[in-house]
There are 2 protein chains.
Amino acid sequence: MPDTSTATPASLTQTLADSGLRATPQREVVFNVLLKKRDHPTADEVFARVKAELPTISLATVYNCLETLVQCRVVRAVNFERGPTRYCPNLRPHAHFHDEQSGSTHDIDLPPELLEQVKAVLPPGYDANAVEITFRGRSAS
Amino acid sequence: MPDTSTATPASLTQTLADSGLRATPQREVVFNVLLKKRDHPTADEVFARVKAELPTISLATVYNCLETLVQCRVVRAVNFERGPTRYCPNLRPHAHFHDEQSGSTHDIDLPPELLEQVKAVLPPGYDANAVEITFRGRSAS
DNA sequence: GCATATTTTTAGAACAATTCTAATTATCAC
DNA sequence: GTGATAATTAGAATTGTTCTAAAAATATGC
């Protein structure tokens, strides 16, 4: 079975085409940079690395390319709670559901045992003092 | 059993004192604003609401108060992945572990059934198309 | 109570991450 | 090739947040 858990430079062209987008050098280099060193770089860091190969690329293009790759689902944006920080006084263990339609955020109570189960996936040597679970999607109400 | 899942205006004074901090009007009003309308307001929104009662308060103070309340654990900051967005090409279902010491982020593979269990806590009417799980803490390596 | 030290607040400047804008360049369909 | 569309560019603008230095409030030792 081929590994489909990561896109390849070859499949990128096809994936872009499937979305009616072009495989430009900038997009390819940005993607290759992400494949080469998987340390979850920021846009700025990607910019710095891409410059080595495309010295004239602009930061705006890096943002554009990253956004495109995320749209095509060949790259994930890790911190996708982008906007401003929000505050809540609910101290129960709970997750957050972000309604993409209304922009509102709802608390979702979490059974403590589920939190334990989630923490249990951590390999030895990892000690988490906080777990944040965020859903995104639509809610009826 | 008293409900300890939310701090009260009365307990706030004590909680602050326990941390060697003062219960100032600004801190109290900021906290009351969060209790009054639990819609996960941003700092700007809190600022606007607090102004109704303390017209001369500054935005910096609101940030300071919120930070203080979070430190005392009477308030949670929802989007605590604050820094820049990070990107990864790993398309497997995975969580992220953020090492607070080194600042590095590691992928934690998630068994698909765990993701299902997590999604199962959503009440009827909630439809999530994405779940983000982030750990924070220390990792040995 | 008073002087002094400490904490907190304030206004505004500074900063960092991101998005927007308008002009230029590249690519596609014909 | 020509015209339409897509993508890139540089730089300005915007947003959310933090910093700074001074002023105000509060606590503490006397």
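All heavy atoms count here, side chains included; hydrogens, waters and symmetry mates do not. In what follows, chains carry the letters A, B, and so on, assigned in the order in which the sequence lines appear, proteins first and then strands, with residues in each chain numbered from 1.
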Of the listed nucleotides D/dA10, D/dT8, C/dT10, the one nearest the side chain of B/Ala60 | C/dT10
What nucleotide, of D/dT17, D/dT9, D/dA7, holds the atom closest to the side chain of A/Leu21?
->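 Of D/dT17, D/dT9, D/dA7, D/dA7 is nearest to the side chain of A/Leu21.
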What nucleic acid atoms does B/Thr24 come within less than 4.0 Å of, heavy atoms only: base, sugar-phosphate, or nothing?
-> sugar-phosphate
Give one of base, sugar-phosphate or nothing for A/Asn64, where a contact means two heavy atoms less than 4.0 Å apart.
-> base
Return the 5'-most residue of the pair B/Arg22, B/Leu59 with respect to DNA chain D, ranking by each residue's nearest nucleotide.
->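 This one resolves to B/Leu59.
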Return no unless some side-chain N or O of [X] is found under 4.0 Å from OP1 or OP2 of [N].
X	N	answer
B/Gln26	D/dA25	no
A/Thr42	C/dA17	no
A/Thr61	D/dT9	yes

Terminal helix-axis angle for the helix from C/dG1-D/dC30 to C/dC30-D/dG1, with five pairs defining each axis and rounding to 10 degrees =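 That helix gives 30° between its end axes.
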With a 4.5 Å cut-off on side-chain heavy atoms, are [Y] and [X] touching?
X	Y	value
A/Thr68	A/Leu21	yes
A/Glu132	B/Arg136	no
A/Ile57	A/Val29	no
B/Leu16	B/Cys72	yes

Any chance the rings of B/His40 and A/His96 have centres within less than 6.0 Å?
-> yes
Ionic contact status for B/Arg92 with B/Asp109, cut-off 4.0 Å =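 The answer is yes: the pair qualifies as a salt bridge.
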Grab the [atom1]-[atom2] distance between [X] and [N] for me, whole Å please.
X	N	atom1	atom2	result
B/Glu28	C/dT9	CD	P	11 Å
B/Ile57	D/dA24	CD1	C1'	14 Å
B/Leu54	D/dA25	CG	C1'	14 Å
A/Glu67	D/dA7	CD	C1'	14 Å
A/Leu16	D/dT8	CG	C1'	15 Å
A/Tyr63	D/dG11	OH	P	17 Å
A/Gln71	D/dA7	CD	P	12 Å
A/Phe47	D/dG11	CZ	C1'	12 Å

If a pair satisfies salt bridge (charged side-chain N to carboxylate O under 4.0 Å, His left out) and one of its residues is in residues 14-40 of chain B, list it, with sequence neighbours excluded.
->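 Every salt bridge (charged side-chain N to carboxylate O under 4.0 Å, His left out) pair that includes a residue of residues 14-40 of chain B, provided the two are not neighbours, is B/Lys37-B/Asp39, B/Asp39-B/Arg49.
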